[in-house]
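These notes concern the structure reproduced below.
Index from 1, following the sequence.
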Amino acid sequence: IKVLEALTGVDVIIDDTPEIVTVSCFDPVRRETARLALEHLVQDGRIQPARIEDVVRRAQEEMDETMQKAGEQATFDANVTGLNPELIKLLGRLKFRYSYGENVLLHAVEVSLLAGMLAAEIGANVQIAKAGGLLHDIGKALTHEVEGPHAEIGGEIASRYGIHPEVHRAIMEHHDEERGSVEAFLVAAADAMSAARP
């Protein structure tokens, strides 16, 4: 248990309830990695420190692949192209994050689609609105590692990966009262619409 906890950064809780093991961690990616590793170890039955290291490494590789595929699927679903592969992988981390009971990656795709439709209706830049919608919560991928509001963290990520200035603005301003562009306003409206839906 101590080896698994040290390698994954989670707490493993085994109480009196039969056949129940709790994996606890604020970081959803670490938690899922530990869950996968623990599942593989229990299925295999060989649980010793050297074996645990190997299984955790494989679980981390599996998670990297899962996040990359989830990010690629999200960009495909939203029809947003030209993003850096590292940014796409970061987007895929949102698959394991929930906010107010809603999966953040599914929410981001929905906001992208809604913002794109709204932009098309009023003659605004559809691609800027869609990209802003898809990336508006990208900061939530790192809120367990970096301090600060997710909009600011998202703005820093957008700067790091050379995101278009208007998309950057939409990310930064989606929770502000004042917005500097029509597309930023549309992303905020789409965000509110998506969050309010059951």
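- Side chain to side chain, D77 and Q73 meet the donor-acceptor criterion of an N or O pair below 3.5 Å.
- The backbone N or O of C25 lies less than 3.5 Å from a partner atom in the side chain of R31, making a donor-acceptor pair.
- Under the 3.5 Å distance criterion, the side-chain polar atoms of D137 are left unmatched by any main-chain donor or acceptor of V104.
- Between the side chain of T75 and the backbone N or O of E72, at least one donor-acceptor pair lies under 3.5 Å.
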Residue pair R58, E62: steps toward the salt bridge (Lys or Arg N to Asp or Glu O under 4.0 Å) verdict: CA-CA 6 Å; R58 282 198 340 243; E62 189 177 328; over 6 Å; no

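- Within the 3.5 Å criterion, the main-chain N or O of A124 finds no donor-acceptor partner in the side chain of E183.
- Rounded to the nearest 0.5 angstrom, Q48 CD and L41 CG are separated by 9.0 Å.
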May I have the step-by-step check of salt bridge (Lys or Arg N to Asp or Glu O under 4.0 Å) for R93 and D27, ending in yes or no? CA-CA 10 Å; R93 286 177 67 100; D27 185 329; 3.7 Å; yes

Just do the side-chain contact (heavy atoms from CB on, under 4.5 Å) check on E32 and M63 with the steps written out, would you? CA-CA 8 Å; E32 182 65 13; M63 283 296 291; 3.5 Å; yes

Check against side-chain contact (heavy atoms from CB on, under 4.5 Å), V187 and I171: CA-CA 8 Å; V187 167; I171 294 168; over 6 Å; no

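- At distances below 3.5 Å, at least one donor-acceptor pair connects side-chain atoms of T33 with backbone N or O atoms of V29.
- Aromatic ring centres of H107 and H136: separated by under 6.0 Å.
- Although no hydrogens or angles enter the test, the distance criterion places a donor-acceptor pair under 3.5 Å between the side chain of E5 and the main chain of V12.
- Distance check, rounded to the nearest 0.5 Å: CG of L90 to CG of L83 gives 11.0 Å.
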Checking E61 against R57 for the salt bridge (Lys or Arg N to Asp or Glu O under 4.0 Å) test, could you report, in this order, the C-alpha distance in whole Å, the side-chain angles of both residues, the deciding distance, and whether it holds? CA-CA 6 Å; E61 290 168 0; R57 185 181 40 73; 3.5 Å; yes

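- A donor-acceptor pair is defined here as one N or O able to donate and one able to accept, closer than 3.5 Å; such a pair exists between the side chain of T8 and the backbone of L4.
- Dense packing is recorded around CD of Q43, with more than 12 heavy atoms of other residues, nucleotides or ligands lying under 6.0 Å away.
- I13 CD1: more than 12 foreign heavy atoms inside a 6.0 Å radius.
- Checking side-chain atoms of R97 against main-chain N and O of K140 turns up a donor-acceptor pair under 3.5 Å.
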